[in-house]
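Notes for the one structure printed next.
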Amino acid sequence: MAIKFVLNGQPVSVDLPGDTPLLWVLREGIGLTGTKFGCGVAACGACTIHLAGEPVRSCQTLLDDVAGQSVTTIEGVSGQAAQAVQAAWRELDVVQCGYCQSGQIMSAVGLLSTTPRPTDAEIDDKMGGNVCRCATYPRIRAAIHRAADMMEG
Amino acid sequence: MTVQTSRRGFLKGIAALSGVALVVGFDAKGALAAAPVGTLDLNPFVKIDGEGIVTVVLKHFEMGQGTSTGLATLVAEELDADWATLRTEFAPADGEKYQIVGFGVQMTGGSMSIWNSYMQYRQAGAAARAMLVEAAAAQWGVEPEAVTVEKGLLKAGDKSAGFGAFVAAAAALIPPESPPLKDPAAFSLIGKPDLKRRDNTNKTDGSAVFALDVTLPGMVHAVILRPDRPGSGLVSFDASGAMGMVGFLDAKALPNKAGVAVFARSTWTAIQARNAVTAQWDTSAAEARSTDRMVEEHLALVRGEPSYQVREGGDLSATTAALSGAVQVVEAEFTFPHLAHAPMEPLNCVIEPTETGGVRFHDGCQAPGITQGAVAHVLGLTPDKVEVNTVFAGGSFGRRANPTSDYHVEAAQAFALFGGKTPIKLVWTREDDIRGGYYRPMAAHRVKIGLDGDGKVVGWDHRLAVQSIMKGTPFEAFAVKDGVDGTSAEGVSDSHYAIPALSVGLSDWTSPLKVLWWRSVGHSHTGFAMEVAMDMAAKAAGQDPVAFRLALLEGDDPDRKRLAGVLRLVAEKSGWEKPAAPGRFRGVAVHKSFNTYVAQVAEISRSESGVIKIEKMTCAVDCGVVVNPDIVKAQMEGGIGFGLGAAMRNRITFTDGAVDQWNFPDYVPLRMGDIGDIDVHILSSVEAPTGVGEPGLPPSLPAVANAIAAATGDWPTHLPWSENGLSFGA
């Protein structure tokens, strides 16, 4: 039986087994590939999406888990925090290979949505689950502070 | 997304869009050439269409190192193109045309992209500019000297027009043999600190396409069941557990017995099906030793007579004599574990049949020049029948350039096994990546340094043992001379310090394990041993570590001068002359690799319980003329983070030949909070540009180790540090 949820503001209906990880539903079932596969065990954060506004790892979120709920991916993320984060990421040229950055941005947007002026310790805590093998961490930290400045505007 | 795969459709698309285009590149003899699109056998580096849109063709791939921005900068600078509308595209696989200058292979690596392209791409841009100017001058009836170019606009007096107006006329001209290049003082893009990366928008909105994002109609997904002990051969397998799984398609033995290809309708189903397949392996050819024994064997090699003397003019007997006359001798042993590259995007590629009986890859392809030959051999094709559509690569750190093109060959085998008509996406899971071999080799060093009564070095006996990366690969012919793999001891064998009686002995450790270059290759261990040993010697001599090094870098030798230059700069910028703040400890290191000179000062803190925090890294780099300063800084930051993450926590270990680690939970990567600020300073230089992707790494490890020694009195010479008595905190 098809499972219904709201994806990036639009209702969708997916006819896949309910125990399929949302990551693979998004990438191969629906074709939204901005959400990345990095480890499959919630240890790298590359697959971070928002479920009911909260950052979660989509590789450990099953399709059943999102029935009737609202899912947001990098392709659909919007609002003041998202705009500020993406603008700051571009202003500071955070990206290198870029593969982890969808997840980094989704985590950063989640952080700033609840903590508009995070300390370094709060950034370390909330971003600690997002791995960047290019080690763009100093720029991610700077970009989150810059985004916070932009939001205060 | 779906990739447009018809080549005919692509060309038609160009024609319909613009009707006409000017392409500038180099012909088979390396001479500048130009033509209307598709009419001459040349390798385009620059294409300008009838709308005036400039496209730079990238012979190097983009793994995050910034080359797509760098090569575009070189062309745009000389062409005076409009940076805002300029486009880039990755070159097709064509080893004749897009090889590394002077290297003969189409690939990206060795921190070579910018320096080997620096003149080539500037010349292509300058030639296109000269031809457009000549065409405009002829049409306007003015001298070429009267025509100026700015941001894609040609002007003379009251006349002005974009590039598009003249591409047809320019394409009919003979390109200048050696177009005039700008005086560096006139550069407006090269060296500009605030020029943005060209890939910073699509990599922040999810639209950048990596190979894992490529979907083709009818595509089948494959993963490979691999042995626990690398090098084992498949005896038999049982896929009955996967039968009946919805979406499972087939399971077949790879022809070389390296594994079982599991085919399914989706990646997730393929992974699930693989979990249900069992296999028996013949382990007779596989590595059977455990890590402890491997370490002992490496140490035994460096404690014994070396197989090779790799220092030019080095003489072990002379060194031994010098050491016997020394007032004191500093001795140290170093060990380095096997390491995985673990790029964020797991290895994967898509292979499909072409209309001409060949195959086409969609891949973040680091070495098309290797892939073409390796895949052609497996499929019985000629190399030109192996096409490559290069897309963004989610990191590499060396892993995607493999002398055997391993994952492309696996994909080709899977493609053939499935019938050779169906597009196949082969995916490595993170477990395949961590457990699948091609590691940075384990290494050991043993160093004895003799000092006289004044604390001067009188002799240096350096021995190292490591498995050769190059032996047994197609690169052996040029990388191995008289039995010596030059990458094994690089960074020690060619040290520029004025060390009297320096001898460098190398012994190969041998194993069926597959090893591979890992960001900075041999320098990833030699820089550490060299610079920690240097610090030990400075301490024994009772001298300041910076002053001790500078004394060995005096004179007019250009390498010494440049090493001393970055060392002085990092000392100044880190405030080395002043004592460290209370509770803070500093260490310094300097190292040349890939013709780039980097010095770093690490500042750490240590809690009462002994937990170490890397608070700040200060870095000075001399890489000649700087094309993109912010990208140079980013590469220093990345090299430092990549190296220190490994030094703190990473190791691949073996129990009876089987890999112990499986995924990021037990191969823990550097995370936010592990290191503090990184402050990079670029030395101003007019020397030719050199690479930056790797050279930031080698000095970072010894700088931190030397800071740790400043705090504890002991140098942590066995890596990774967290497995050898140290703990790190955020």
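Naming convention: chains lettered A, B, ... in sequence-line order (proteins, then strands); numbering from 1 in each chain.
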Atom group of A:Thr20 that falls short of 4.5 Å from chain B, counting heavy atoms:
both

I need the full list of ring pair (Phe, Tyr, Trp, His ring centres under 6.0 Å) pairs touching residues 60-116 of chain A, with sequence neighbours left out, sorted by first then second residue.
A:Tyr99-B:Phe210

Heavy-atom nearest pair, B:Met636 first then B:Gly696, reads SD-CA, 3.7 Å

Closest approach of A:Arg133 to B:Pro669 (non-hydrogen atoms, all atoms of both residues)
NH1-CB, 3.8 Å

Under 3.5 Å, is there a donor-acceptor pair between the side chain of B:Ser700 and the main chain of B:Leu697?
yes

Among A:Pro17, A:Cys134, A:Gly34, A:Ala82, which residue forms the greatest number of heavy-atom pairs with chain B at distances under 4.5 Å?
A:Cys134

State which residues pass side-chain hydrogen bond (donor to acceptor under 3.5 Å, both in side chains) with B:Arg198; sequence neighbours excluded, sorted by chain then number.
none

Picking from B:Asp194, B:Asp199, B:Thr201, which has the most non-hydrogen pairs under 4.5 angstrom with chain A?
B:Thr201

Please rank B:Gln272, B:Glu62, B:Gln635 by heavy-atom pairs under 4.5 Å with chain A and give me the top one.
B:Gln635

Does any heavy atom of chain A fall under 4.5 Å from the side chain of B:His221, the backbone, both, or neither of them?
side chain

Picking from A:Met127, A:Gln86, A:Arg139, which has the most non-hydrogen pairs under 4.5 angstrom with chain B?
A:Arg139

Looking at every heavy atom in both B:Lys425 and B:Met219, which two are closest together, and how far apart are they?
CE-CE, 3.6 Å

So, the side chain of A:Glu28 versus the backbone of B:Thr267: is there a donor-acceptor pair under 3.5 Å, distance only?
yes

Portion of A:Arg141 that has a non-hydrogen atom of chain B nearer than 4.5 angstrom:
both

If one checks every heavy atom of A:Leu23 against chain B at 4.5 Å, the contacting part turns out to be neither

Over all atoms of both residues, closest heavy-atom pair of A:Thr35 and A:Glu75:
N-OE2, 4.4 Å

Quick check on B:Asn202 against chain A: is it the side chain, the backbone, both or neither that has a heavy atom closer than 4.5 Å?
neither

Only counting residues at least two apart or in another chain, list the ones meeting ring-ring contact (aromatic ring centres under 6.0 Å, His included) with A:Tyr137.
none

Taking side chain as everything from C-beta outward and backbone as N, CA, C, O, which of these in B:Phe392 sits under 4.5 Å from a heavy atom of chain A? Side chain, backbone, both or neither.
neither

Mind listing the closest non-hydrogen atom pair of B:Gly641 and B:Ile675 along with its distance?
CA-CD1, 4.0 Å

Check whether the ring centres of B:Trp268 and A:Phe37 lie less than 6.0 Å apart, and answer yes or no.
no

Okay, B:Gln65 and chain A: the region with an atom under 4.5 Å from a heavy atom over there is neither

If you check every heavy atom in residues 40-63 of chain A against those of chain B, which residues fall under 4.5 Å?
A:Val41, A:Ala43, A:Cys44, A:Ala46

Please classify the contact of B:Asp677 with chain A as side chain, backbone, both or neither, using a heavy-atom distance under 4.5 Å.
neither

Look at B:Arg430, B:Glu637, B:Met344 and state which one has the largest set of heavy-atom pairs under 4.5 Å with chain A.
B:Met344

Please check: side-chain N/O of B:Tyr667 versus main-chain N/O of B:Ile434, any donor-acceptor pairing under 3.5 Å?
no

Interface moiety of B:Trp428 toward chain A, non-hydrogen atoms closer than 4.5 Å
backbone

Chain B shares the most heavy-atom pairs under 4.5 Å, among A:Cys39, A:Ala135, A:Ala142, with A:Cys39

Which region of B:Ala342, side chain (C-beta onward) or backbone (N, CA, C, O), has a non-hydrogen atom less than 4.5 Å from a non-hydrogen atom of chain A, or is it both or neither?
both

Portion of B:Ala634 that has a non-hydrogen atom of chain A nearer than 4.5 angstrom
both

B:Asp433 with B:Arg399: basic N within carboxylate O range, under 4.0 Å:
no

Interchain contact, A:Arg90 with chain B, by part (heavy-atom threshold 4.5 Å):
both

Atom of A:Val95, atom of B:Asn200 and distance for their closest heavy-atom approach
CG2-CA, 3.9 Å

Salt bridge B:Asp630-B:Lys196, side-chain N to carboxylate O under 4.0 Å:
no

